[in-house]
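To start, the structure itself, in structure tokens.
Worth saying up front: this structure is predicted, and the values here are computed from it rather than measured. Side chains included, hydrogens not; waters and symmetry mates left out as well; all remaining heavy atoms used.
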Amino acid sequence: MRGRLAAVAAAALLFGCANQAAERPARGAAIPAAPRYVPPADPYPSTYHAYPGVPTAITGATLFDGEGGRTENGTIVMAEGRILAVGGPDTPIPEGAARIDGRGRWVTPGVIDVHSHLGDYPSPGVEAHSDGNEITSPVRPEVWAEHSVWPQDPGFSRALANGGITTLQVLPGSANLFGGRGVTLRNVPGRTVQAMRFPGAPRGLKLACGENPKRVYGGRNQMPQTRMGNVALMRQTWQRAVEYRERRAREPNTARDLALDTLVEAMAGTVLVHNHCYRADEMAIMLDMAREFGFRIAAFHHAVEAYKIGDLLRTNETCAAMWADWWGFKMEAYDAVNENIPLVHNAGACAIVHSDDANGIQRLNQEAAKALADGRRMGINIADEVAWRWLAINPATALGIADQTGSLRAGKRADVVLWNGNPLSVYTRPQQVWIDGALMYDMNDPNRRPVSDFELGQPGEGDVK
Amino acid sequence: MTRVKTKRHPGLDPGSMNTACSGKNARRRCSWVPTFVGMTLALLATPVRGQTIAITGGRVVIGDGSEPIDNGIVVIRDGRVVAAGAGAAVPAGATIVDARGKWVTAGVVAGFSQIGLLEVDAVDATNDTRAATSPFSAAIDVAPAINPLATSIAVSRAAGVTRAVVSPSTARSIFAGQGAVIDLGGDMQPITRARAFQYIELGEEGAADAGGSRASAHVLLRNALREARDLRLPVGVRGQARAPAAAPPKDLAENPYILSGAQRSDDVLLTRFDAAALVPVLQGRQLLLVHVERASDILQVLALKREFANLRIVLVGATEGWRVAAEIAAAGVPVIANALVDLPASFEQLAATQSNVGRMHAAGINVAIGMINDDEARQVRLSTQYAGNLVGIGRVPGHTGLTWTQAFAAISSAPAEALGMGGEIGSLRPGRRGDVVIWDGDPLELATGVDAVWIDGVRQSLENRQTRLRERYRQPQEGALPHAYDPR
């Protein structure tokens, strides 16, 4: 730490000198050329590190591997922050590993939420904390959600303890057509958002269709006021990004545009597009727009009418991130069906359960269970372990981190939940949660229950939540 | 969800105040309704006289906190429960419903909701939850605004909800007006009890409604009750003022305090209608539902009983109730609480925990589960899931949950009793209305579905917009013609 501070001070000194020189050029003398500014590849890099863990083996549990596989009487071994082995009762366990009896319990990969506002709409939900929507222009791809995230949001700990959430994407809100960049976090407490950032995870770009942008800006007599206005302004913006990219390629000294940089990265695929969109017809238009400008939509979020276009989602390889049964709060959420998730799955498309909510994120397993049961009642028979894909490998894929997490595979990060029963039952809770092999929650140990700074000295501090 | 910050209850266009014909007296008030339509509706709504239904072989849950009874029988006659349990006999001539392998329970009662008051929240014209620019407050009565054909009623019915407590929201006053208890039947007569309670805000929301402080809200409350007390009946009707205790006025017109001859002082803030509406509250003939969350606010509400002895108070919300559970229990005040609030979503909910309901119950309080600021107009069907979670937390050290039977009672008899209607709804004890649900498994479990619903002894349709859309899009691809031509 000391070394880093010293480096920063030295840089400031240099910068100060350069300024001085620039302010007082000697008359007639050539201004010395400043070194060309090269932006760092990642100006707000992750400082996350895995917390200490001990080699641990859980035996005798039912395993859902997150990719659709299931092992009864299964063993999982974690060491050095990684999954070492997954298999049946004969799986070798290293000497000295802590052993946990998993009989009657279930083990799954940590739950991943692709759509959260923890940190940018934190608790308490006071105006001073309302940091998710930069409602100053419908086109704000230059803002980054991570610059709003308040790491002390007590909601992170609830998502961990009650929901088994180990990874989440925090997105900007949906007031704007281009809401800004999302950030993928490890669900660990941190003093800074950098200390929570998932190392190497691509950032997201939040787009919004439909009612929100046109209501917010239409109400100000400003574009967009209609859905066609939404599409026109989006297209105009993508066109600007295409031209900017070409100009930058031709003329490297072209002035940098932080807004268009985000879009250029989205077209290059290094920033993944997450599109708030409810209606089937609008999703179909967005898929065309993606083809028109050469970007890919990783997932439609909310996607209340995804069941009407499951075939389109399959052929475009675009996921739908959905609720089980939330509906009716506005017109574009009016055509909800309880079977949305299983219908999308049944059409061969990628289905994801998401929350968009500080309470819902505590029960994504229950949302999956409701959707699964509703699907079965209409004849769509999906196995429990296959449905767990909706909470694991599918969201990991949409976030571009499926090589790191999202399933119980040897070599992946040891993001693991031990549930005290079948996690598709209403009576089940996480018993222990590991993130990178570190035990971050233990229902039997009050000292493994995070308490945010905000909660200290307040009524209910350290209570079960 | 929209993350654009909007008030949870969008402003209501004053021109859209719903005066549609609905409620028990729809036919009388709406003379334009053709008689034959009225007759058809009456037939649909009224149980067939003399009809007896016996549901046999199921696991019977009475709903009063008693243990489930295996291989039980539930008998309904003329719309009422006649018997339920192991020893009940099947009357001769009864229509038998075989429920072997199923669960048979009292219908779910939504302990706090706004169901029937809106179709789409963000479409103001359909939203009758609050009246942002109305001249009235306490006098507002939700009964005529209830739409029994609201989609959420059919959707909730299909999930086993048969009755609901329906409250208005406040707008420019701490008084929201008078709420009702309704049924979720598929007929045009939704009202079980109109004007069942007055709803007021005394916490953060109340402070905002009262001009900016809790202190102002308390003064407004006391002033309003004073204005109600000071209403003097016109000469000639004073003898009628004595209504039976614990009965709310059956009709606005039956409240003599709104008669124009009633005398008032010049020093008043409330309209005559609003002041008159508070008379039954003051007399203890109408319940007062008070929404507060913070522990100190709860104690202030309990103290009101010392000042106004006849008030019959029910606490709504009470997220920090567990901190003052002994005081609530000593006051004998029931609570309608959210089940799963565990975030300090506001500064009045700092001590939020999912153990709140369990701890209050353990202290001897009658606690019902409601949905306060929680999708209360559309998602009362989550009541079973919420109750199940309170069973689940009992297995987490440090948590206080509910037993299964307590949890089911928290969404059946407990809300009925909180509303003073335990003798009418909320359980399968003899004499209660015939609200019965057959489930294909444990009703609190996530995978369980509803097989059949009776309300007032009338078998209900479980179809709704959502089930119709589902069937239309079993296969998203269109056939020879677009989906709009699919056979119906």
- Item | Between Asn356(B), Leu118(B), Asp442(B), the one whose heavy-atom pairs under 4.5 Å with chain A are most numerous | Asp442(B)
- Heavy-atom pairs under 4.5 Å with chain B are the metric here; pick the option from Arg376(A), Met378(A), Glu455(A) that has the most. Met378(A)
- Rounded to the nearest 0.5 Å, what's the gap from CG on Asn176(A) to OG1 on Thr136(A)? Could you check? 7.0 Å
- Message: Under 4.5 Å from any heavy atom of chain B, what part of Asp325(A) do you find: side chain, backbone, both or neither?
- Response: both
- Is it true that the side chains of Ser174(A) and Asn212(A) contain a donor and an acceptor less than 3.5 Å apart? yes
- Item | Carboxylate-amine/guanidinium proximity below 4.0 Å for Lys102(B) and Asp451(B) | yes
- Heavy-atom distance under 4.5 Å to chain B: side chain of Leu372(A), backbone, both or neither? neither
- Query: Which atoms of Gln362(A) come close to chain B, meaning under 4.5 Å heavy atom to heavy atom: side chain ones, backbone ones, both, or neither?
  - Reply: side chain
- Task: Name the region of Arg465(B), side chain, backbone, both or neither, that has any atom closer than 4.5 Å to a heavy atom of chain A.
- Result: side chain
- Message: Is the terminal nitrogen or CZ of Arg472(B) (NZ for Lys, CZ for Arg) located under 6.0 angstrom from the six-membered ring centre of Tyr307(A) and within 45° of that ring's axis?
- Response: no
- Note on the structure: Under 4.5 Å to a heavy atom of chain B? For Asp463(A) that would be side chain
- Task: Side chain from CB out, backbone as N, CA, C, O: work out which of these in Gln349(B) comes under 4.5 Å of a heavy atom of chain A, or both, or neither.
- Result: neither
- Message: Among Leu343(B), Leu382(B), Val396(B), Thr384(B), which residue has the highest count of heavy-atom pairs closer than 4.5 Å to chain A?
- Response: Leu343(B)
- Query: In terms of heavy-atom proximity below 4.5 Å to chain A, should Leu390(B) be classed as side chain, backbone, both, or neither?
  - Reply: neither
- Relative to each other, are the rings of Tyr278(A) and Trp323(A) parallel, tilted or perpendicular (30° and 60° limits)? tilted
- Test salt bridge (Lys or Arg N to Asp or Glu O under 4.0 Å) applied to Lys308(A) - qualifying residues, sequence neighbours left out: Glu305(A), Asp335(A)
- Task: Determine which pairs satisfy salt bridge (Lys or Arg N to Asp or Glu O under 4.0 Å) with at least one residue from residues 342-352 of chain B, sequence neighbours left out, and list them in order.
- Result: Arg214(B)-Glu348(B)
- Message: For Ala161(A), give me all partners under side chain to side chain contact (heavy atoms under 4.5 Å, CB included), at least two apart in sequence or on another chain.
- Response: Tyr441(A)
- Query: Rounded to the nearest 0.5 Å, how far does CG of Asp374(A) lie from CD1 of Ile380(A)?
  - Reply: 10.0 Å
- Message: Heavy-atom pairs under 4.5 Å with chain B: which of Glu211(A), Glu339(A), Gln458(A), Met331(A) has the most?
- Response: Glu339(A)
- Message: Report which part of Gln366(A) has an atom under 4.5 Å of a heavy atom belonging to chain B: side chain, backbone, both, or neither.
- Response: both
- Task: Can you tell which part of Ser355(B) gets under 4.5 Å to a heavy atom of chain A, answering side chain, backbone, both or neither?
- Result: side chain
- Message: Out of Ala336(A), Ala347(A), Ala369(A), Gly310(A), return the one with the most heavy atom pairs under 4.5 angstrom to chain B.
- Response: Ala336(A)
- Item | Pair His129(A) + Tyr121(A): ring centers closer than 6.0 Å | no
- Message: With side-chain hydrogen bond (donor to acceptor under 3.5 Å, both in side chains) as the test, pick out the partner of His276(A) among His301(A), His302(A), Lys206(A), His115(A).
- Response: His302(A)
- Task: For this output row, return yes or no: ring centroids of Phe156(A) and Phe454(A) closer than 6.0 angstrom.
- Result: no
- Message: I'd like to know which of Val126(A), Asn359(A), Asn420(A) tops the heavy-atom pair count under 4.5 Å against chain B.
- Response: Asn420(A)
- Message: Need one label for Gln379(B): side chain, backbone, both or neither, based on atoms under 4.5 Å from any heavy atom in chain A.
- Response: side chain
- Query: Under the side-chain contact (heavy atoms from CB on, under 4.5 Å) criterion, do Ile438(B) and Val450(B) qualify, and how do the steps go?
  - Reply: CA-CA 6 Å; Ile438(B) 300 182; Val450(B) 168; over 6 Å; no
- Item | Pairs of heavy atoms under 4.5 Å with chain B: top-ranked of Asn338(A), Ile309(A), Leu312(A), Asp153(A) | Asn338(A)
- Message: Only pairs of heavy atoms separated by less than 4.5 Å count here; which of Ala352(B), Gly388(B), Pro344(B) has the most with chain A?
- Response: Pro344(B)
- Item | chain A contacts, top residue of Arg381(B), Arg468(B), Glu471(B), Gln477(B) (heavy-atom pairs, under 4.5 Å) | Arg381(B)
- Query: Which bit of Asp440(B) is near chain A, if near means a heavy-atom gap under 4.5 Å: side chain, backbone, both or neither?
  - Reply: side chain
- Can you tell which part of Arg363(A) gets under 4.5 Å to a heavy atom of chain B, answering side chain, backbone, both or neither? side chain
- Rounded to the nearest 0.5 angstrom, the NE2-CG distance for His117(A) and Leu171(A) is 6.0 Å
- Task: Using heavy atoms and a sub-4.5 Å threshold, report which of residues 149-157 of chain B line up against chain A, by residue number.
- Result: Thr151(B), Ser152(B), Val155(B)
- Message: For the CH2 atom of Trp419(A) and the OG1 atom of Thr428(A), what is their distance to the nearest 0.5 Å?
- Response: 8.5 Å
- Note on the structure: Value for CG (Asp357(A)) from CG (Asp113(A)), rounded to nearest 0.5 Å, stands at 9.5 Å
